[in-house]
Amino acid sequence: MHPTDIDYRIWQVVALIPPGKVASYGQVAQLAGLPGYARQVGTALRKLPEHTKIPWHRVVNAQGAISLPAGSPSNTAQQSRLEAEGIIFNPGQRLSLSRFGWKP
DNA sequence: ACCGTGACTCTGC
DNA sequence: TGCAGAGCCACGG
């Protein structure tokens, strides 16, 4: 696979999300100048190599939940990384966007 | 070129 | 709250 121009633009925005903060797929798309491209954000993150330095784990859905398949290794990894940055998950596996949401 | 597929989101019941 | 339904849009086959 080769990354498309859209992928790069999305990665650039994700790279800006500070530790301990999160952004939604839709928010990332918008900041990348691609309103309506929320699904493409997920597609772009999926293409990242495992060793990447891009903080892909700081992207969650609009409900403050992890969108990766429940119980999957990647889902677990994402939650661990976020918790390691001080982010707290509610009982319902969701985090507070008002508390941890990134406001550029 | 057509069609199904998503790490999505918003609306409405 | 929770969950379909319907838009959404670039990709891959």
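Residue numbers start from 1 in every chain, and the chains themselves are labelled A, B, ... in the order their sequence lines are given, proteins ahead of strands.
Applying a 4.0 Å cut-off to non-hydrogen atoms, the residues of residues 62-80 of chain A that approach DNA chain B are A62(A), S67(A), L68(A), listed by residue number. For the contact set between residues 17-26 of chain A and DNA chain B, defined by any heavy atom under 4.0 Å, the members are S24(A), Y25(A), G26(A).
Put simply, CH2 on W56(A) is 10 Å from C1' on dA7(B), counting in whole angstrom units. Protein atom CD1 of I6(A) is 13 Å distant from nucleotide atom C1' of dC8(C), rounded to whole Å. Protein atom CG of L97(A) is 14 Å distant from nucleotide atom C1' of dC8(B), rounded to whole Å. Atoms CG (N61(A)) and P (dG6(B)) sit 17 Å apart, rounded to a whole Å. Distance I10(A) CD1 to dC9(C) C1': 11 Å, rounded to the nearest Å. Atom CD of Q30(A) and atom P of dC8(B) are 17 Å apart (whole Å). The distance from atom CD of Q40(A) to atom C1' of dC11(C) is 8 Å, rounded to the nearest whole Å. Look at NZ on K47(A): it is 7 Å from C1' on dC11(C), rounded to the nearest Å.
The main-chain N or O of G64(A) is found under 3.5 Å from a side-chain atom of N61(A) such that the two form a donor-acceptor pair. With W11(A) contributing its side chain and A44(A) its backbone, the two residues share a donor-acceptor pair below 3.5 Å.
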For this session: Applying side chain to side chain contact (heavy atoms under 4.5 Å, CB included), run through V28(A) and L31(A) and close with a yes or a no.
Result: CA-CA 5 Å; V28(A) 169; L31(A) 291 171; 5.8 Å; no
Exercise. Could you go step by step and tell me if V60(A) and L82(A) meet the side chain to side chain contact (heavy atoms under 4.5 Å, CB included) rule?
Worked result: CA-CA 10 Å; V60(A) 298; L82(A) 291 176; 4.3 Å; yes
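Here Y37(A) does not reach the OP1 or OP2 of dC8(C): none of its side-chain N or O atoms lies under 4.0 Å away. Residue T4(A) has a polar side-chain atom (N or O) positioned under 4.0 Å from OP1 or OP2 of dC11(C).
When the nucleotides dA10(C), dG7(C), dT9(B) are ranked by their closest atom to the side chain of R39(A), dG7(C) comes out on top. Set against dC9(C), dC11(C), dA7(B), the side chain of R46(A) has dA7(B) as its closest nucleotide.
Counting non-hydrogen atoms of other residues, nucleotides and ligands closer than 6.0 Å to NZ of K103(A) gives a total above 12.
Note that CD1 of I66(A) and CD of Q78(A) are 4.0 Å apart. Values are rounded to the nearest 0.5 Å. The CD atom of Q27(A) lies 7.5 Å from the CD1 atom of I17(A); values are rounded to the nearest 0.5 Å.
Place D5(A) and R94(A) on DNA chain C by their nearest nucleotides, and R94(A) ends up nearer the 5' end.
Between E85(A) and H57(A), the shortest heavy-atom contact is OE2-NE2, 3.0 Å.
Applying the side chain to side chain donor-acceptor pair (under 3.5 Å) test between K47(A) and each of T4(A), D7(A), T52(A) identifies D7(A) as the sole match.
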